Amino acid sequence: MTQLLTSTARTPADPGTARQHWEIVDGWADEASPAQLIREVADDAGWSAHETAADDAGSGSCRLLGPAGTFVEAAWGPHPPTAPDTLEWGTPPARRYRFLLRGPAPAPLTELATRLGRHTAALTAGEADAIWAAMPLTRQFAEPDDTFPGWALIFRDHYVENSVGFLLGMERAGLDPRWIYALAKGDRTRNRDRVHAWFLRRGYASDVLDNSVINGTAGPELQRHALGVLADVERFVHRAHEAGRRVLVVDDGGLLAQGYGSPGRARVDAAIELTVSGLKRIEAVGALDIPVVNLARSGLKTCLGYNEIADSCLRRLRAILPGEKFTGRRVLCLGYGTLGARMARGLRAVGCRVAVVDTDPLMLIEAAEHGFETYRSLPAALAACRPFLVIGNTGEAALAEADLPLLPDGVYLAGFATKDFSVLTDGPLAERATPVPGVGRRYALPHDRTVTLLGDGRSLNLFEYEGIPNRGYDAYRAGTLIAARALCRRPEDFPIGAHTTAVDRIIGESGLFEAYYDRYLADA
């Protein structure tokens, strides 16, 4: 948080009644490091820090001297103790500080405050160490060798703590941090700004390539930003190739859908695909000219990853509706695939009466034989039951405009896959929606009905939330690193196209599953 204030206070350094300007910056620092942060900010700006003073309580002050005799008075002090801001925390934990910058000229104050804001927003060294300690399998399989020093990495995923752990693992395995380009997918994850600031401090390039751009639903501002990002990605690929490095993409299909896996653009050399929606994007593009290791449909993600994803979805759903009754009430589950089946079982476990909609007869058979009511279409389900909650797990447009009049008044909609409720987020109704901060958006429908879309229309477990616990995604991040090492060590062993069976074999032979069982499940 940065605020600009003005004052007419007198100071010994500025006699008379000259107008004084103030900047307040709140941020995080490890214990006893605020003065070091101030010095780093001064050095970055070409200033120098003098007359530094500090006390045992964590408060301090100093004078910053700039060019042409400019100066700024800096002071800081700790906030009252607060709960940790991250899933993991060190000992002693990171502390929140308030920094006060004061001087006669607003321009240098604004510059210094902006730089200080970037520094204090970043995860602290202690927080990053705690995240790394919470991912023991990623650490175990990140032993350095000669695979990655000749590669560069473009990593596009959610800006969450386990992404920090994965990139630390890639560094430990031998990847130079100066050759890492991280891209956020645009989800409103809880600490996305802190992760972004930490990536920059670590030496990575970091930006946003929003999923709406990939899906063709972005507005003009996001499209303009994406053009600049994609141009920068191309420059990164060209620089890597000129330096004799090959380029690996770890992504959800976003960059490959933009042509980076085909001739004619800044072609990368290999890719790891993380999501089913990404596979669909790749299939829509057509032929690839590079090998793609498909983790989205691997046994690792299906058997281990989706259990953790479903758990995070259910926890977020209950947390965003803390005053709502779930037990005994009707819920409609759209889609009974890998995630949908787990969601249906989880909701039933808390006492909900769950009905399932799916267009695949085999999925309907499976759902019915597990005791769920089943329907071939949403209109058929809404004609037979009156849910208080509809959840989407399909990754496709599960709600059509013709279905809107059938929805019960006041129903909640919760999407856990891309596009399920896009008829609301991408259509004309979006302009008439009423934001409910921290919850979602309420839509006025014909016939005096309202519906509330929870979150921002994207995966609800990533809306102002951290998502999956670090230890919960530890195995998947370790498996991604194992697959990356196999692909980058001998890319010639992977023909052009997508590979699923190979990655199952590679991860199976690596010892990851044995290590997972011994670490998290075995009693001995």
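We count residues from 1, following the sequence as given. Note: hydrogens, waters and symmetry copies are ignored here, and every other heavy atom, side chains too, is used. Just so it is clear, the model here is predicted, and its values are computed rather than measured.
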Test your reading of the model: is there a side-chain donor-acceptor pair from [X] to the backbone of [Y], 3.5 Å cut-off?
| X | Y | value |
| --- | --- | --- |
| Thr302 | Gly299 | no |
| Thr189 | Asn191 | no |
| Glu273 | Val293 | no |
| Thr327 | Val350 | yes |
| Asp409 | Thr450 | yes |

How many angstroms lie between [atom1] in [X] and [atom2] in [Y], if you round to the nearest 0.5 Å?
| X | Y | atom1 | atom2 | result |
| --- | --- | --- | --- | --- |
| Leu137 | Leu481 | CG | CG | 11.5 Å |
| Leu364 | Glu366 | CG | CD | 10.5 Å |
| Phe416 | Leu317 | CZ | CG | 5.0 Å |
| Asp193 | Arg118 | CG | CZ | 13.0 Å |
| Arg329 | Cys352 | CZ | SG | 9.0 Å |
| Arg297 | Thr275 | CZ | OG1 | 10.0 Å |

Which pair of heavy atoms, one from [X] and one from [Y], lies closest together, and at what distance?
| X | Y | result |
| --- | --- | --- |
| Arg139 | Ala133 | NH1-O, 2.8 Å |
| Arg485 | Ala142 | NH2-C, 4.1 Å |
| Tyr520 | Asp474 | OH-OD2, 2.9 Å |
| Val411 | Pro387 | CG2-O, 3.6 Å |
| Asp403 | Pro379 | OD1-CG, 3.4 Å |
| Ala433 | Pro435 | O-CD, 3.7 Å |

Q: Taking the six-membered ring for Trp and the full ring for Phe, Tyr or His, determine whether the centres of Phe155 and Phe166 are under 6.0 Å apart.
A: yes

Q. What about Tyr516 and Phe513, are their ring centers closer than 6.0 Å?
A. no

I'd like to know if the side chain of [X] pairs up with that of [Y] as donor and acceptor (distance under 3.5 Å, no hydrogens or angles considered).
| X | Y | value |
| --- | --- | --- |
| His499 | Asn294 | no |
| Thr124 | Asp30 | yes |
| Glu88 | Asn470 | yes |
| Asp358 | Tyr375 | no |
| His196 | Ser206 | yes |
| Arg96 | Thr82 | no |

Q.
If you count every heavy atom of other residues, nucleotides or ligands that lies below 6.0 Å from Arg442 atom CZ, does the total exceed 12?
A. no

Q: Could you label the plane-to-plane angle of the Tyr336 and His370 rings as parallel, tilted or perpendicular, counting under 30° as parallel and over 60° as perpendicular?
A: tilted

Q. Under the salt bridge (charged side-chain N to carboxylate O under 4.0 Å, His left out) criterion, do Asp85 and Arg194 qualify, and how do the steps go?
A. CA-CA 10 Å; Asp85 190 51; Arg194 298 198 66 199; 2.9 Å; yes

Sidechain N-carboxylate O distance under 4.0 Å for [X], [Y]:
| X | Y | value |
| --- | --- | --- |
| Glu373 | Arg353 | no |
| Glu308 | Arg342 | no |
| Arg190 | Glu466 | no |

Side chains of [X] and [Y]: closer than 4.5 Å at any heavy-atom pair?
| X | Y | answer |
| --- | --- | --- |
| Asn461 | Arg315 | no |
| Leu378 | Leu332 | yes |
| Ile365 | Glu369 | yes |
| Val195 | Glu161 | no |
| Leu274 | Ile272 | yes |
| Leu255 | Val268 | no |
| Arg318 | Phe326 | yes |
| Leu304 | Tyr476 | no |

Q. Stepwise, does the salt bridge (charged side-chain N to carboxylate O under 4.0 Å, His left out) test hold for Asp251 with Arg281?
A. CA-CA 11 Å; Asp251 190 16; Arg281 294 189 188 107; over 6 Å; no

Q. Are Val233 and Leu209 close enough, and set up right, to give a side-chain contact (heavy atoms from CB on, under 4.5 Å), and what steps lead you there?
A. CA-CA 10 Å; Val233 167; Leu209 181 57; over 6 Å; no

Could you pull out every donor-acceptor pair under 3.5 Å between side chains of residues 388-401 and any protein atom, sequence neighbours left out?
{"from": "Asn393", "atom 1": "ND2", "to": "Leu334", "atom 2": "O", "distance (Å)": "3.3"}
{"from": "Thr394", "atom 1": "OG1", "to": "Glu396", "atom 2": "N", "distance (Å)": "3.0"}
{"from": "Thr394", "atom 1": "OG1", "to": "Glu396", "atom 2": "O", "distance (Å)": "3.1"}
{"from": "Thr394", "atom 1": "OG1", "to": "Asp420", "atom 2": "OD2", "distance (Å)": "2.7"}
{"from": "Glu396", "atom 1": "OE2", "to": "Lys280", "atom 2": "NZ", "distance (Å)": "3.0"}

Q.
Please identify which of these residues, Arg458, Arg156, Lys185, meets the salt bridge (Lys or Arg N to Asp or Glu O under 4.0 Å) condition with Asp210.
A. Arg458

